[in-house]
Engineer: 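Can you read through this structure? Questions will come right after.
The chains referred to below are lettered A, B, ... by the order of the sequence lines, with proteins before strands, and numbering in each begins at 1. Note that the coordinates shown come from a computational prediction; the quantities given were computed from them, not determined experimentally.
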Number of protein chains: 2
Amino acid sequence: MPRTTARRRASISDVARLAGVSVGTVSNVLNRPDRVSEATRERVETAIAQLQFVPNGSARQLRVGTITTVGAVVLDIANPFFTDLARGIEARLDQDDYTLMVASSDEDPEREARYLRLYEQHGVQGIMVVPATDEVDHLVALADRGVRIVLLDRPSPVESLSSVAVDDVHGGALAVRHLLEQGHTRIAFLNGPHTIHQCADRWAGAVQAVEAAGLDPADVLEELTVSLNADGGDAGTRALVAREDRPTAIFCVNDLVALGSLRVLRRAGFSVPDDVAVVGYDDVTFAAELATPLTSVRQPTHELGVRAADLLLRPGDAEPEHVMFQPTLVVRESSAK
Amino acid sequence: MPRTTARRRASISDVARLAGVSVGTVSNVLNRPDRVSEATRERVETAIAQLQFVPNGSARQLRVGTITTVGAVVLDIANPFFTDLARGIEARLDQDDYTLMVASSDEDPEREARYLRLYEQHGVQGIMVVPATDEVDHLVALADRGVRIVLLDRPSPVESLSSVAVDDVHGGALAVRHLLEQGHTRIAFLNGPHTIHQCADRWAGAVQAVEAAGLDPADVLEELTVSLNADGGDAGTRALVAREDRPTAIFCVNDLVALGSLRVLRRAGFSVPDDVAVVGYDDVTFAAELATPLTSVRQPTHELGVRAADLLLRPGDAEPEHVMFQPTLVVRESSAK
DNA sequence: CTGAAAGCGCTAACAC
DNA sequence: GTGTTAGCGCTTTCAG
């Protein structure tokens with residue numbers, strides 16, 4: 001069966017010609033139908049339907065300069081934390097009839113830059129970004145060019161960029177203090193690279209907790225850098241359990257990593273928490289339902305997204321704002337003797 | 001601290017003026033740098049840097065008509081199945097330097113239409129969509145207007161639309177046949193609305209399996225319509241366990257629903273699979289690590305995305321193709337006595 | 001209430 | 001190697 005040839009898209013002037021009116025009038029029925037008489041409006045609408053006319057967004061935008069879409073760049077779209085965040089953003093955006101587009105940087109600054117450029121070129125209302133590195137100069141430059149920016153899930157290092165974050169230092173401390181209280185003195189932290197701000201902060205919190213307990217972090221804490229997903233937890237834990245002097249507790253930088261860790265532990269025959277305790281981060285939906293229910297640092301993820309969208313949608317001349325939420329620890333079986 | 005005023009974005013003619021060249025030359029250094037002499041190119045580049053010039057994507061696109069972005073609309077961005085799918089798409093797209101933008105329809109045809117329109121207006125290379133209803137006329141119309149469409153996760157009801165799907169009838173049958181073999185004769189199916197094609201097909205498969213076993217579906221099978229997430233599984237299972245004549249097995253239309261189901265069952269003190277067996281669908285990462293490891297119908301999710309991107313990226317005059325994968329059943333503790 | 005026309009920023013001929 | 005210019009499709013004065 002021969003398919004329809006993809007002929008040129010109908011334009012507003014095609015519609016005008018068919019309806020026997022001027023392009024201005026067509027534009028009016030599109031944007032200010034009340035300015036147009038009943039009769040002509042109907043003629044134009046018929047022509048539109050007949051030609052299957054769809055306005056060219058680029059042309060419109062070139063003319064008016066703006067659009068009701070906001071872009072988001074997160075580290076990993078496969079991580080429930082980020083999708084829950086996206087849900088929160090969407091929920092708030094919906095109220096103002098804005099739409100959200102999401103892209104995943106994979107923690108790669110180049111991919112991040114690519115999407116940032118894409119969004120900017122397309123003139124989105126603003127961009128929410130979970131930066132892949134600690135360096136935000138490119139974002140400041142973006143903001144200087146008039147693009148509304150909200151930093152997601154990390155505090156802004158500069159005054160001029162709005163941000164919505166959760167206190168990661170506190171979160172890291174919460175987890176490690178709990179482990180210390182459970183009597184652990186050899187704790188491994190399966191973390192991501194410190195170029196990712198959240199990772200650096202959670203580590204700092206871990207160190208703080210150890211010091212607060214009057215112990216030496218060098219004795220108690222060790223850090224393994226892994227990728228921020230289940231495979232990372234898998235790999236890191238494999239390395240850990242292969243050793244003679246394996247730690248008695250593993251703190252994972254997120255629940256995906258913890259999932260991988262738990263998987264390896266279970267298959268290797270270790271009992272959790274008796275042989276090894278595990279603590280995760282984010283408290284995603286499945287954390288409570290795992291073979292060993294996972295202790296995890298809970299963040300107000302949805303609320304985080306809502307607030308971020310709130311900030312983004314404020315009038316263009318609003319002062320930058322820096323919102324900081326506090327995490328809480330949810331203790332479950334994976335760490336409680 | 002007063003913030004920088006968002007002045008008008010620099011345009012190509014600002015750059016030309018500052019560099020003392022024509023706009024054509026600026027355009028050349030942007031798009032065909034080799035056509036330009038070393039010296040002028042440097043002058044232009046300096047001007048670009050100085051003005052922080054970023055080309056206006058709308059204008060460019062209006063002129064050239066195309067863009068290397070593809071859009072995807074999925075039912076629920078918070079469902080790992082769809083994000084794994086998105087990962088597969090991204091992986092393939094990356095090879096050709098295309099970028100992916102994802103939006104979530106929430107199973108709402110209106111939201112779907114909104115994003116479809118958005119993507120079309122912005123002239124994306126093509127759109128991948130998991131339709132929220134069985135009705136695809138609007139997609140055929142889109143395709144007729146020259147937008148490349150690939151149906152995701154469901155076979156195309158029409159020849160002219162490419163599609164990449166997994167055999168959901170077979171998947172549904174696989175699950176129910178297994179339950180039947182385990183001796184269950186009262187099976188509840190926690191399903192989504194049949195307007196979603198996957199839901200209708202999985203139900204059809206379930207019915208088939210019962211009939212193939214020589215039983216009457218009306219006796220064996222009952223269906224509850226729930227929302228396609230953990231809360232849906234939660235609600236559906238609550239309703240089920242409140243009854244005297246509760247079923248001995250629950251088949252969930254996806255693993256998120258199964259997660260909710262398992263949660264309720266556990267809290268209500270039922271033993272899985274002894275009191276109630278549970279089977280999920282998708283075999284997401286966490287399925288194997290749950291308190292009761294979940295039997296689930298596995299789909300080649302990542303591969304699905306890769307093939308979909310493959311189809312989308314083929315030359316514009318390629319014939320539509322319909323790819324169908326086969327699911328497999330992964331039996332775990334939640335259903336195996 | 002409708003039409004004419006300018007112009008948004010860019011690219012691609014086409015001159016020189 | 002560089003400049004000039006038409007025109008992509010649309011919105012928006014400004015006349016009438």
Engineer: Rounded to whole angstrom units, what separation is found between the CG atom of A:N31 and the P atom of D:dG9?
Structural biologist: 17 Å
Engineer: Please report, rounded to the nearest Å, how far the P atom of D:dC8 is from the CG atom of B:N56.
Structural biologist: 18 Å
Engineer: What integer distance in Å separates B:I12:CD1 from D:dT2:C1'?
Structural biologist: 14 Å
Engineer: Output the rounded distance in Å from NE2 (B:H122) to P (D:dC10).
Structural biologist: 13 Å
Engineer: What is the separation between atom CZ on A:R32 and atom C1' on D:dT12, rounded to the nearest whole Å?
Structural biologist: 7 Å
Engineer: It should be established whether A:T40 places a side-chain nitrogen or oxygen under 4.0 Å from OP1 or OP2 of nucleotide C:dT2.
Structural biologist: yes
Engineer: Where each residue is assigned the nucleotide of DNA chain D containing its nearest heavy atom, which of B:A39 and B:L62 is assigned the position nearer the 5′ end?
Structural biologist: B:A39
Engineer: When you check the phosphate oxygens OP1 and OP2 of D:dT11, does a side-chain N or O of A:R60 lie under 4.0 Å from one of them?
Structural biologist: yes
Engineer: For B:E120, enumerate each residue passing the side chain to side chain donor-acceptor pair (under 3.5 Å) test, keeping only those at least two apart in sequence or located in another chain.
Structural biologist: B:R145
Engineer: Would A:E90 and B:R111 pass as an ion pair if we require N to O under 4.0 Å?
Structural biologist: yes
Engineer: Please determine if B:D108 and B:R114 form a salt bridge, counting it only when a charged side-chain N lies under 4.0 Å from a carboxylate O.
Structural biologist: no
Engineer: Considering every strand and a 4.0 Å limit on heavy-atom distances, what is the contact class for A:S37: base, sugar-phosphate, or nothing?
Structural biologist: sugar-phosphate
Engineer: With nearest nucleotide decided by heavy atoms, which residue, B:V64 or B:V36, maps closer to the 5′ end of DNA chain D?
Structural biologist: B:V36
Engineer: Would you indicate which nucleotide in C:dC10, D:dC10, D:dT11 comes nearest to any side-chain atom of B:F53?
Structural biologist: C:dC10
Engineer: Between P on C:dG3 and CZ on A:R17, what's the gap in Å once rounded to a whole number?
Structural biologist: 14 Å
Engineer: Using atom CD1 of B:I48 as one end and atom P of C:dG9 as the other, report the distance to the nearest whole Å.
Structural biologist: 16 Å
Engineer: Round to a whole Å and report the spacing from CG of A:L30 to C1' of D:dT11.
Structural biologist: 10 Å
Engineer: Are any of the side-chain nitrogens in A:D14 or A:R17 under 4.0 Å away from the carboxylate oxygens of its partner?
Structural biologist: yes
Engineer: Of the options B:T68, B:D94, B:T69, which is the one that meets B:T99 in a side chain to side chain donor-acceptor pair (under 3.5 Å)?
Structural biologist: B:T69
Engineer: Identify the pairs formed between an N or O of the protein and an N or O of nucleotides 3-6 of chain D at a distance under 3.5 Å, and give each distance.
Structural biologist:
from	atom 1	to	atom 2	distance (Å)
D:dG3	OP2	B:S22	N	2.8
D:dG3	OP2	B:S22	OG	3.2
D:dG3	OP2	B:T25	OG1	2.6

Engineer: Base, sugar-phosphate or nothing for B:S58? Non-hydrogen atoms, less than 4.0 Å.
Structural biologist: nothing
Engineer: Would you say A:Q198 and A:D153 are linked by a side-chain donor-acceptor pair, where the criterion is simply a distance under 3.5 Å?
Structural biologist: yes
Engineer: Using a strict threshold of under 4.0 Å (side-chain N to carboxylate O), is an ion pair present between B:D34 and B:R41?
Structural biologist: no
